[in-house]
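For reference, the structure is listed below as structure tokens.
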Amino acid sequence: ANLVLLGPPGAGKGTQARKLEETFGLIQLSTGDLLRTAVAAGTEAGKKAKAVMEAGELVSDDIVIAILRDRMAEPDCAKGVILDGFPRTTVQAEALDTLMQDTGQSITAAISLEVQDDAMVDRISGRYTCAKCGEGYHDRFKRPETEGVCDRCGGTEMTRRADDNAETVAQRLKAYHAQTAPLIAYYNDKNVLHRIDAMRAIDAITKEMKSVVQMAT
Ligand code: AP5
Ligand code: ZN
């Protein structure tokens, strides 16, 4: 299976992708994570992306498509991917269709996580992740069992993202509505779209997503 997760910042794309990854043996592929790795490594693409990401705007299609294509070419992706944060523009969606066709694959389902904008600022501003394994936590909604210790890997170093301040989050929401929301209609036209109410508890959303994926495959 190959899944696309759509949804504004804070909708829970990363949180849910991790859960589906374990259940279905798929690879989570987050262009946000790939870009942050490029920024940290100081690559050419990373240098160009840094300021754009800090402003909450979208990195250019050329850069993102190249990064995604390279990662998809690695052998582990052959078992199927969960695309978290890609595509984000029509140009990216068309590039993905071409890539899928060229490799004899297709998009099994595109899941739109539907939320209310005003709740997203709260969700994002309390968020942090384990530096070692990337597991996500939240000051109010999802704390580790032992304070400061990752439930998943036992790591003790937690990090917060540079673009998770209120001003940048507002810009990221704007970019989502202007450039990414049109992809809901794009995938609806291809008959692979599933809309899910993502204002509920994390586990209830996971349950519904699992049944969507099971029915689609
Ligand atoms: P990216 O890293 O993709 O960030 P984003 O889309 O803004 O999404 P987030 O990671 O903020 O949110 P999420 O939906 O994954 O939510 P999460 O599960 O963490 O992109 C960052 C930047 O990179 C972009 O702004 C852009 O510049 C660039 N970029 C990336 N891809 C690009 C592309 N394709 N093209 C161009 N530029 C690109 O959940 C959030 C928090 O809420 C967590 O703490 C979680 O525990 C909690 N939570 C989750 N679900 C629930 C729930 N149901 N109830 C309560 N709390 C919840
Ligand atoms: Zn961890």
(request) State, with a plain yes or no, whether a side-chain heavy atom of Met209 is found less than 4.5 Å away from one of Leu113. (result)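 Sidechains of Leu113 and Met209: in contact.
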(message) Is there a side-chain contact between Leu29 and Cys77 in this structure, where contact means two heavy atoms from C-beta onward sitting under 4.5 Å apart?
(response)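 The answer is yes, as the side chains (C-beta and beyond) meet within the 4.5 Å cut-off.
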Kindly say whether [Y] contributes a backbone atom to a donor-acceptor pair with the side chain of [X] at under 3.5 angstrom?
X: Glu167; Y: Ala55; result: no
X: Arg143; Y: Asp139; result: yes
X: Lys13; Y: Gly7; result: yes
X: Thr89; Y: Gln92; result: yes

(message) Taking side-chain contact (heavy atoms from CB on, under 4.5 Å) as the definition, give me every residue that meets it alongside Ala175, ordered by chain and number, with sequence neighbours left out.
(response)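 Listed in chain order: Leu58, Gln179.
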(message) Under the rule for side-chain contact (heavy atoms from CB on, under 4.5 Å), what residues qualify as partners of Ala216, not counting sequence neighbours?
(response)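 So Ala216 forms a side-chain contact (heavy atoms from CB on, under 4.5 Å) with Thr108, Ala109.
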(request) Share the residues that join Met158 in a hydrophobic cluster, the rule being Ile, Leu, Val, Met, Phe, Trp or Tyr side chains under 4.5 Å apart at the heavy-atom level. (result)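 Tyr128, Tyr137, which link up through side-chain heavy atoms under 4.5 Å apart, make up the rest of the cluster.
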(request) Consider only side-chain N and O atoms of Asp163 and Thr168, and report whether a donor and an acceptor are under 3.5 Å apart. (result)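 No pair is found: no donor N or O on one side chain lies under 3.5 Å from an acceptor on the other.
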(request) Output all residues satisfying salt bridge (Lys or Arg N to Asp or Glu O under 4.0 Å) with Glu54, sequence neighbours left out; order by chain, then residue number. (result)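 Checked Glu54 against salt bridge (Lys or Arg N to Asp or Glu O under 4.0 Å); matches are Lys50.
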(message) Restricting to ring-ring contact (aromatic ring centres under 6.0 Å, His included), what partner residues turn up for His194, sequence neighbours left out?
(response)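 ring-ring contact (aromatic ring centres under 6.0 Å, His included) list for His194, sorted by chain: empty.
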(message) Using the ring-ring contact (aromatic ring centres under 6.0 Å, His included) criterion, which residues pair with Phe24? Sequence neighbours excluded.
(response)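 In terms of ring-ring contact (aromatic ring centres under 6.0 Å, His included), with neighbours along the sequence ignored, Phe24 is linked to no residue.
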